[in-house]
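Scroll down for the structure; my scribbles are underneath it.
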Protein chains: 2
Amino acid sequence: MPTVSKEDYLKTIYQRIEEGEQASTSSIARTLKVSNAAATDMLKKLSLQGFVNYKKYKGVSLTAKGRKEALSLLRRHRLWELFLMKVLKLKWDEVHKEAELLEHKTSEKLIDKIDQYLNHPKFDPHGAPIPDKRGVLPKEKKFIRLDAAKENKIYTIVKVNDKDDELIRYFAEIGFKLNTKFEVKKIFNIDGTITVKNKKGQFNLSPVVAKNIFVREVRK
Amino acid sequence: MPTVSKEDYLKTIYQRIEEGEQASTSSIARTLKVSNAAATDMLKKLSLQGFVNYKKYKGVSLTAKGRKEALSLLRRHRLWELFLMKVLKLKWDEVHKEAELLEHKTSEKLIDKIDQYLNHPKFDPHGAPIPDKRGVLPKEKKFIRLDAAKENKIYTIVKVNDKDDELIRYFAEIGFKLNTKFEVKKIFNIDGTITVKNKKGQFNLSPVVAKNIFVREVRK
DNA sequence: TTAAAAAATTAAGTATGCTTAAATTTAAAA
DNA sequence: TTTTAAATTTAAGCATACTTAATTTTTTAA
Ligand SMILES: [Mn+2]
Ligand SMILES: [Mn+2]
Ligand SMILES: [Mn+2]
Ligand SMILES: [Mn+2]
């Protein structure tokens, strides 16, 4: 069993790779808010314990063992998020922080009860897929990042990045929830600002914000 | 905010004192399964931080600040126990262990939601009182320890010690739940064994077991 | 009231997971 | 291709919460 810290490292590495990016020491350190030195240190330990493949200066990847732990933690995190929202009525922007803590202290027995209570849900409140007991992920519908969308097309939101609660609050404020339909009105070439329009009105989204929204095109 | 370890120390000290016993270094160490040296060490730190009154060789007591933290942790623990049983259907002997972990990672916001969901319950599944948001405990009905009961009287169970899951399983097995009515048939002077009789049948309880059951006399 | 036993404390040291500062390696730019 | 910059690693050290062994204080019992 990895420690709390190690679980968070493995999850971070998994997510970096899943996003199609390099799991560099500095990106891990940045996400976990620790120094690069601390991350290097931990990568060495994780490697010794067989959770990651690590070669000095060459980056890191997960072994089967490490991937299993990462998926287990993601399962616990995402089930907690959904449970806290559905059952205990916590808000969309609150559940990530709470789940970040509870995830490490949740037994398999408990998480299976939660899974059962929720009737084996496939996605969390932010659209992220929930691995099943065996670590199998549900198939996701195709999506693109909003900053890669095209003008005058209609999209629906399938996933948002849940790491920043301020951002989530902003999404909620402008009526951007899961499955919200909206139209991309204009994309400014100068800075990539995207003008979108939904039931609530018209908004300008910066490219930084748009990168955190994942959408699927729908026909009018 | 005290650390996880410190919270557990404060809770242990509170409970030792509540039981009317001395919060000795060794009793704390025994409960927390650490060495006496570790406990001494921690008591010094807790004292420096104003959570306890501690004088070398003279034992320890809680300050107002320490008591507040202890009650806060007990609240989180006991609400979790009840929630896990009532909502997620964990068993009577399972909830203590789960709550022992979750208690430290539960925000005030979350515990208030749980409290609200359960409609501000006053007692946990083992009969222990749940402090309210302000740290106020509900009044408990008078009770005695079963090893102080008298022959040929009828009692009802108001509380059991939840620390040992094997013991809790045994209680369940012989039909000893909260509010179970039973009669004390005989108390053996030699070793203090108590013969009790309830709907399920007649059982001999050792004095060690009896010490963990709290009862109130009821008229036939 | 003193000697032995028990309880508590101090001392020295360990594992984990961090820090900052210095050194090294790799990547980018001139 | 060399120089510079960025990324990464190493080195040294710190805080927390433990351990075992030695010492001190208190309690109990002879
Ligand atoms: Mn976490
Ligand atoms: Mn999420
Ligand atoms: Mn605990
Ligand atoms: Mn309990």
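Throughout, a chain's letter reflects where its sequence line sits, starting with A, and its residues are numbered from 1.
- The outermost nucleotides of DNA chain C lying under 4.0 Å from heavy atoms of chain B, listed 5' to 3', are C:dA8 to C:dA11.
- The pair B:Lys91-B:Asp93 does not count as a salt bridge, with every side-chain nitrogen at least 4.0 angstrom from each carboxylate oxygen.
- Remark: C1' of D:dC18 and NZ of B:Lys45 are 9 Å apart, rounded to the nearest angstrom.
- Across the protein-nucleic acid pair, A:Leu43 atom CG and D:dT10 atom P stand 11 Å apart, rounded to whole Å.
- Here D:dT20 presents its P atom at 15 Å from NZ of B:Lys33, a figure rounded to the nearest Å.
- The distance from atom NZ of B:Lys56 to atom C1' of D:dT24 is 9 Å, rounded to the nearest whole Å.
- Using a cut-off of 4.0 Å between Lys/Arg side-chain N and Asp/Glu carboxylate O, A:Glu140 and A:Lys159 are scored as salt-bridged.
- Annotation: proximity of residues 9-21 of chain A to DNA chain D (heavy atom, distance under 4.0 Å) is found for no residue.
- A:Asp41 has its CG atom 10 Å from the C1' atom of D:dT10, to the nearest Å.
- Judged as a salt bridge (Lys or Arg N to Asp or Glu O under 4.0 Å), and not counting sequence neighbours, A:Glu69 has no contacts.
- Among the protein residues, A:Ser35 comes within range of the nucleic acid bases, having at least one heavy atom under 4.0 Å from a base atom.
- Cation-pi contact between B:Lys186 and B:Phe188: present, with separation from the ring centre below 6.0 Å and deviation from the ring axis of at most 45°.
- Below 30°, between 30° and 60°, or above 60°: for B:Trp92 and B:Phe171 the angle between ring planes is between 30° and 60°, a tilted geometry.
- A salt bridge between B:Glu103 and A:Lys105 is absent, with no side-chain N of the basic residue lying under 4.0 Å from a carboxylate O of the acidic one.
- The nearest whole Å value for the distance from the CG atom in B:Leu48 to the P atom in D:dA15 is 14 Å.
- In this structure, B:Met42 atom CE and D:dT19 atom P are separated by 11 Å, rounded to whole Å.
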